[in-house]
Amino acid sequence: MLIYDRHVAVVQADPESLQAGAVLIRGGTVVKSLAAIYDYCWTTASEPEDVPRSADAVSLTEQQLAVLRMLAAGAKDSAIARSMGVSTRTIIRLVGELTAVLGASSRFQAGVRAARLGWLDPG
């Protein structure tokens, strides 16, 4: 689900099939309700027990740390790949490794967890 400015929502038509397309919802109480559901889920969510709790829990390679910091700065995979002299496929693989290490289901969630752990701090 994507919500834009709390006035427009894009929702997957069938949660079990990406091929089913999406539904665009504009304005009104439905979008407000979807936003309220999202806000509730976000504020009541808790971290899984198997996620590292400190920066010492996992040792990242210099390459992984560089990718993580560039992602946090908003760089796209192709730009990261160019700056590091590797393929975009390598960056995609590294991002996958990072999200797995952080127990995250998305890049955004991985970034939030990395920030909480202090992995994005210059060091």
Side-chain angles (χ1 to χ4, degrees):
M1 172 174 61
L2 302 170
I3 298 175
Y4 300 97
D5 296 329
R6 300 204 178 255
H7 296 291
V8 177
V10 179
V11 182
Q12 194 171 333
D14 179 354
E16 296 181 9
S17 173
L18 289 173
Q19 289 74 28
V23 177
L24 177 69
I25 304 166
R26 294 180 186 266
T29 57
V30 175
V31 175
K32 287 180 185 177
S33 294
L34 290 171
I37 291 168
Y38 173 85
D39 290 340
Y40 174 79
C41 290
W42 181 261
T43 58
T44 60
S46 62
E47 294 286 331
E49 294 302 314
D50 60 345
V51 174
R53 298 291 179 204
S54 73
D56 299 339
V58 175
S59 187
L60 297 180
T61 67
E62 288 298 318
Q63 189 179 42
Q64 288 172 323
L65 189 56
V67 168
L68 189 60
R69 288 186 176 148
M70 284 188 262
L71 282 173
K76 298 195 182 288
D77 291 351
S78 57
I80 297 170
R82 279 192 305 276
S83 73
M84 295 181 72
V86 298
S87 71
T88 302
R89 190 174 183 156
T90 297
I91 299 304
I92 292 168
R93 179 183 52 79
L94 287 168
V95 170
E97 290 172 4
L98 289 166
T99 55
V101 163
L102 288 159
S105 59
S106 70
R107 290 170 176 232
F108 177 78
Q109 187 179 39
V112 169
R113 289 183 179 173
R116 286 182 182 164
L117 294 169
W119 291 0
L120 300 177
D121 299 334

Minimum heavy-atom separation for [X] and [Y], please, with both atom names.
X: Ala110; Y: Leu102; value: O-CD1, 3.4 Å
X: Val10; Y: Leu24; value: CG2-CD1, 3.8 Å
X: Leu34; Y: Ala9; value: CD1-CB, 3.9 Å
X: Ala20; Y: Ala13; value: O-CB, 3.6 Å

Cluster link [X] to [Y], ILVMFWY, side chain under 4.5 Å:
X: Val11; Y: Leu2; value: no
X: Ile3; Y: Val30; value: yes
X: Met1; Y: Phe108; value: yes
X: Ile37; Y: Ile25; value: no

Between [atom1] on residue [X] and [atom2] on residue [Y], distance to nearest 0.5 Å:
X: Arg6; Y: Asp39; atom1: CZ; atom2: CG; value: 4.0 Å
X: Leu68; Y: Trp119; atom1: CG; atom2: CH2; value: 7.5 Å
X: Met70; Y: Lys76; atom1: CE; atom2: NZ; value: 15.0 Å

**Request:** List the steps, then state whether side-chain contact (heavy atoms from CB on, under 4.5 Å) holds for Asp77 with Leu71.
**Result:** CA-CA 8 Å; Asp77 291 351; Leu71 282 173; 4.0 Å; yes
**Request:** Measure the shortest side-chain to side-chain distance between Met84 and Thr90 over non-hydrogen atoms and say whether it is less than 4.5 angstrom.
**Result:** no
Side-chain donor-acceptor distances from residues 91-98 under 3.5 Å, at least two apart:
{"unit_1": "Arg93", "atom_1": "NH1", "unit_2": "Glu97", "atom_2": "OE2", "d": "2.7"}
{"unit_1": "Glu97", "atom_1": "OE1", "unit_2": "Gln64", "atom_2": "NE2", "d": "3.1"}

